[in-house]
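First comes the structure, then the notes that go with it.
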Amino acid sequence: MIDFRKELNPAQREAVETLDGPVLVIAGAGSGKTRTIVYRMANIVQQGHSPDSILLLTFTRKAAQEMLDRASLLLGAQGLYGVTGGTFHSFAYAWLRRYAEAMGAKNGLTVMDQSDAEGILRDIRDDLRLGKGDRSFPKRSTLLSLISKSRNKEMPIADILRGEAYHLSRYEDEIGLVAKGYESFKTRHGLLDYDDLLFGLERLLSDHAPALELARARYRFVMVDEFQDTNLVQARIVRLLAGDGGNVMAVGDDAQSIYAFRGANVHNILDFPNQFPGAKIIRLEQNYRSAQPVLDLTNAILEQAQLKFRKHLFSERKDGPLPQVFRTLSDRSQANAVVNKVLELSKKYPLHEIAVLFRAGYHSYPVEVALNKLGMRFQKFGGLRFSEAAHIKDVLGFMRLGQNPADVPSWQRVLSHIKGVGPKTVGRIYEAVLAGDNAHLAGVRRRSPEIGEVLDFLDEQRALGGTPAAMLARVLEFYTPILERKYPDDYPQRRSGLEQLERIASQYSDLEAFLGDISLENPQDEDERGKEHALVLSTVHSSKGLEWSVVLVIDLVQDRFPSRHALNSADDLEEERRLLYVACTRARDYLGLFVPSTVYNQYNHSSEPALESPFLAELPETVYESWRENFSGTMSRARDAAPAQALASPRSFGASAPAAPSAPATGKVPPSRLGYCRHKIFGRGKIVATVDGDKYRVNFPGFGLKVILANFLELE
DNA sequence: CCCCATGGTGTTTTT
DNA sequence: CACCATGGGG
C-alpha cells in the first residue's frame with residue numbers, strides 16, 4: 001500500500017483520493033500535476049478497480065506513456081497494463097475503426113496528414129476553377145487553416161475571415177465552395193483529416209447507442225490532461241464519455257493555454273463546474289519544480305498578462321542562481337554563446353537535462369550548425385515530422401492503398417514518380433480501378449508498362465497481406481530502385497529513415513493501427529528514444545509538459561518571439577506571452593535567456609537588426625542578471641541593464657503598436673505619435689488622426705483617406 | 001496533358 | 001533562398 005499521506009500534499013491527496021464524481025484540478029506549472037495523475041491511477045487500481053476502466057487522455061502519446069511508466073513503477077509488477085492512454089485523436093481513430101461499418105464507411109478510414117489535405121484542396125480549387133490567374137487567392141495551406149479553424153472554433157468562415165484574415169474577406173464565397181467540395185470529397189474517398197476524427201467520434205457516441213454504452217461501461221474513470229487546450233468538440237466528447245455525474249477528472253492550467261490557434265478554448269476549463277454540476281475544484285499552487293529565482297521571473301511574466309490569472313506560484317526551493325539574460329551581437333554569436341553555456345553546464349548536468357527552446361523550428365538552425373561543428377549530440381523535437389519526409393510518404397502511400405483503394409493522395413504518390421504521369425492521368429487510373437473499367441486499364445498498361453508494374457505490385461501486395469513489417473519489406477524491395485533514381489544525392493540518408501520506419505513497423509501487428517499512429521503520434525523508434533546523452537532542442541509547443549534542470553530560450557526578439565504573425569491581434573499576443581511563460585517554467589535550476597542584436601535574413605542573405613522582445617523589456621530588472629557580448633566574443637556584466645534600443649526605437653512596442661496589450665484590457669491606446677503605417681491591401685499610408693481610440697484615419701496614396709481598425713495596421 | 005523555366009512572394013506553433 | 005503559380009514548349 002502506498003502511503004499517500006507521506007507522498008503528497010493535502011491538495012494533491014484530495015485529488016488522488018476523490019474517485020467519485022467530477023473533479024477539476026487547476027494545476028499551476030510544476031505543481032506536481034503528473035505526480036497527482038500517476039498516484040490517482042495507482043489509487044484506482046489499489047481500490048480494486050481494473051486498469052481497464054481507466055481512460056487517460058493526454059496531449060501527446062509521450063506524456064501518456066510517461067505517466068503510465070511512472071505509475072507502473074509505483075505499483076510494481078501489478079502494473080497498469082490495460083489502461084487506455086493517448087491523445088484524443090488516436091483514441092477517436094481507434095473507436096471509429098471499431099465501428100467503421102456501423103458508421104457506413106465502405107472504403108476504409110484513412111487518416112490524412114496536412115499535406116494530403118492541402119493536396120486535395122488544390123485539386124478541388126482547380127476543379128472548381130476558382131482563383132485562376134488571381135495571385136492573391138488564398139493558397140492551399142491558407143485554405144486548409146481557414147477551413148480547419150472554422151471547424152475547430154465552430155464559427156462560420158466569414159467570422160474567421162473577419163477576425164484574422166480581413167484581407168481575404170472578398171473570397172468568402174469561394175472559400176465556402178472549396179470547403180464544401182472538400183467535405184464531400186473526403187466522404188466519398190474514405191479519408192479523414194484531424195478534425196474529422198474528433199467530430200466523427202462525437203457523432204459515433206451521440207448517434208450510436210451501443211458504442212456509447214460500451215464506452216461508458218468500460219471507462220468508469222476518465223482523466224483529461226491539459227484541459228485548457230481542448231476545443232469545443234473535445235469538451236463535448238468528455239461530457240459524452242462521462243455522462244451525468246460521471247467520474248471525470250480534468251487537469252489544466254489556464255495560464256498555460258497555447259493552442260488557441262488551433263481552436264483550443266480556455267472557456268472549457270472555466271466552464272467545467274457548470275458542465276459538471278457538483279464538480280470539486282482543487283488548486284495545486286505549490287511549485288516543486290523550480291528554484292525561487294526562476295519562479296520570480298515567471299511570476300513577473302504572468303503579472304503582465306492581460307487576463308490577470310490570480311496566480312502566484314511559490315516554491316520551497318529558495319536557493320538557486322538568478323536567471324541570466326545574454327545580449328549577443330548576432331544570431332550566430334548567440335549560437336556560440338549557447339554552446340558555451342551548454343559546455344559549462346554540462347560539467348554539472350547530464351546533457352539530456354539541458355534544453356534549448358525556441359518559437360519556431362527554423363530558429364535553431366544556427367545552434368544546430370554550431371553543435372555539429374563541435375560534434376555534440378542533440379535531439380530535436382518539433383519542426384518537421386518524420387512521416388512528412390517525401391520518401392517516407394512515398395512508401396506509406398503503397399501501404400495505405402492496401403487499406404483503402406480510394407485513397408487519392410496515395411494514388412498520386414505511388415504513380416507520380418513515373419515520367420509523363422500527372423494529376424489527370426492519376427485521376428483517370430483510380431477512377432478506372434474503382435469502377436472496374438478493365439478496358440481502360442488495359443489501354444493504360446499497353447501505353448505505359450511502368451504503370452502496369454505498379455498496379456501488379458499493388459495487387460500482389462493486397463493478395464499477400466501479412467503484418468505491417470512484412471508488407472513494408474515488400475514495398476521497400478519495390479521502392480528502393482525508385483528511391484535511388486529519385487534522390488541520387490542523399491539516398492543513403494533517406495535509406496536510414498526507411499530503416500527507422502521498419503523498426504517502428506515491427507512493433508505493430510495491425511496495418512490500420514500502424515498507419516494511424518504514424519500520422520497521429522509521430523512515434524519514435526527505440527534507437528532514437530535511447531538518446532540519453534543528447535542535448536535537447538525543442539519548440540516551446542513541443543516542450544509542453546516536460547521539464548529540465550537547465551533551460552535556455554533563444555531568439556527573444558521582436559518578430560520571432562513574439563512571432564510577427566501575432567502582432568495583429570491582442571489575443572494572439574497574449575498567447576505568445578503565455579508561450580514564453582510555458583518556456584520559462586520548464587526550468588528547474590537555471591534559466592538563460594538570449595537576445596541577439598541582429599538576425600540573419602535568409603532571403604536578403606544579410607543580417608538585419610533585431611529589437612529585444614517586448615516580453616523581456618517589460619520585466620523588472622530585478623528578476624534577472626544582464627550580460628552583454630563584447631566584440632571579442634566574451635561576456636561582461638551590463639550594469640545599466642535596460643538596453644537603450646528597446647526604449648528609444650521608433651518601433652518600440654508600447655509607443656507604436658496600439659493593438660498590443662501591455663496596455664489595459666480594451667487594447668484602446670491612443671498613439672503617442674502619428675507616423676506611417678502599412679496595410680495589407682492599401683499598402684503604406686500616413687496616419688492623420690486617431691478615431692475612437694482604437695482606429696486610425698490614414699491617408700493611403702491612391703486610395704485616399706480611410707478609417708481603419710488599429711488591429712489591421714502595422715505601424716512603422 | 002505534362003514538364004520546366006520564370007518570376008513573384010513570403011517564412012509559427014500541432015493533431 | 002525556397003516555394004509556388006503560371007504559361008509556353010514538348
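- Distances from the side chain of Glu576(A) to the nucleotides dT15(B), dT14(B), dT12(B) place dT12(B) closest.
- The nearest whole Å value for the distance from the CZ atom in Arg125(A) to the P atom in dC4(C) is 11 Å.
- In terms of phosphate contacts, Thr539(A) brings a side-chain nitrogen or oxygen within less than 4.0 Å of OP1 or OP2 of dT14(B).
- Taking the P atom of each, dC4(C) and dT13(B) are spaced 15 Å apart, rounded to whole Å.
- Here dT13(B) presents its P atom at 21 Å from CD of Glu574(A), a figure rounded to the nearest Å.
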Taking N or O atoms only and anything under 3.5 Å, show me the protein contacts with nucleotides 8-10 of chain C, one pair per line.
none

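- Closest to the side chain of Arg428(A), from the set dT12(B), dT13(B), dC1(B), is dC1(B).
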Can you list, pair by pair, the side-chain donor-acceptor contacts under 3.5 Å of residues 441-455 of chain A, counting residues two or more places apart and other chains?
from      : atom 1 : to        : atom 2 : distance (Å)
Arg445(A) : NH1    : Asp456(A) : OD1    : 2.9
Arg445(A) : NH2    : Asp456(A) : OD1    : 3.2
Ser448(A) : OG     : Ile451(A) : N      : 3.2

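- Within the 4.0 angstrom heavy-atom criterion, no nucleotide atom of any strand lies near Phe88(A).
- Residues passing the side-chain hydrogen bond (donor to acceptor under 3.5 Å, both in side chains) test with His391(A) are Arg494(A), sequence neighbours excluded.
- For Arg151(A) and Asp193(A), the salt-bridge test passes: some basic side-chain N is under 4.0 Å from an acidic carboxylate O.
- A straight line from OH of Tyr259(A) to P of dT14(B) spans 6 Å, rounded to a whole angstrom.
- Within the 4.0 angstrom heavy-atom criterion, base atoms lie near Gln114(A).
- Residues meeting the side-chain hydrogen bond (donor to acceptor under 3.5 Å, both in side chains) test with Gln234(A), sequence neighbours left out: none.
- Comparing dT12(B) with dA5(C), their C1' atoms sit 23 Å apart, to the nearest whole Å.
- OP1 or OP2 of dC2(B) lies within a sub-4.0 Å distance of a side-chain N or O belonging to Thr425(A).
- Proximity of Arg140(A) to the phosphate of dC4(C): a side-chain N or O atom is located under 4.0 Å from OP1 or OP2.
- With distances taken from any side-chain atom of His541(A) to the nucleotides dT12(B), dT14(B), dT15(B), the minimum falls on dT14(B).
- In this structure, the side-chain hydrogen bond (donor to acceptor under 3.5 Å, both in side chains) partners of Ser364(A), at least two apart in sequence or on a different chain, are Glu368(A), Lys380(A).
- Across dT14(B), dC1(B), dT13(B), the shortest atom-to-atom separation from the side chain of Arg359(A) is found for dT13(B).
- Remark: C1' of dC1(B) and CD1 of Ile451(A) are 13 Å apart, rounded to the nearest angstrom.
- Evaluation of the side-chain hydrogen bond (donor to acceptor under 3.5 Å, both in side chains) rule for Thr60(A) yields no partner, not counting sequence neighbours.
- Checked against the 6.0 Å centroid threshold, Tyr93(A) and Phe91(A) do not count as a close aromatic pair.
- For His89(A), the side-chain atoms get nearest to dT15(B) when compared with the rest of dT15(B), dC2(B), dA5(C).
- Distances shown here put every side-chain N or O of Ser90(A) at or beyond 4.0 Å from the OP1 or OP2 atom of dT15(B).
- Panel note: side chain Asn404(A), backbone Gly190(A); a donor-acceptor pair is recorded below 3.5 Å.
- At whole-Å resolution of the value, CG in Leu580(A) and C1' in dT13(B) are 14 Å apart.
- Ring stacking is absent between Tyr194(A) and dT14(B), as the pair misses the limits of under 5.5 Å between centres and under 30 degrees between planes.
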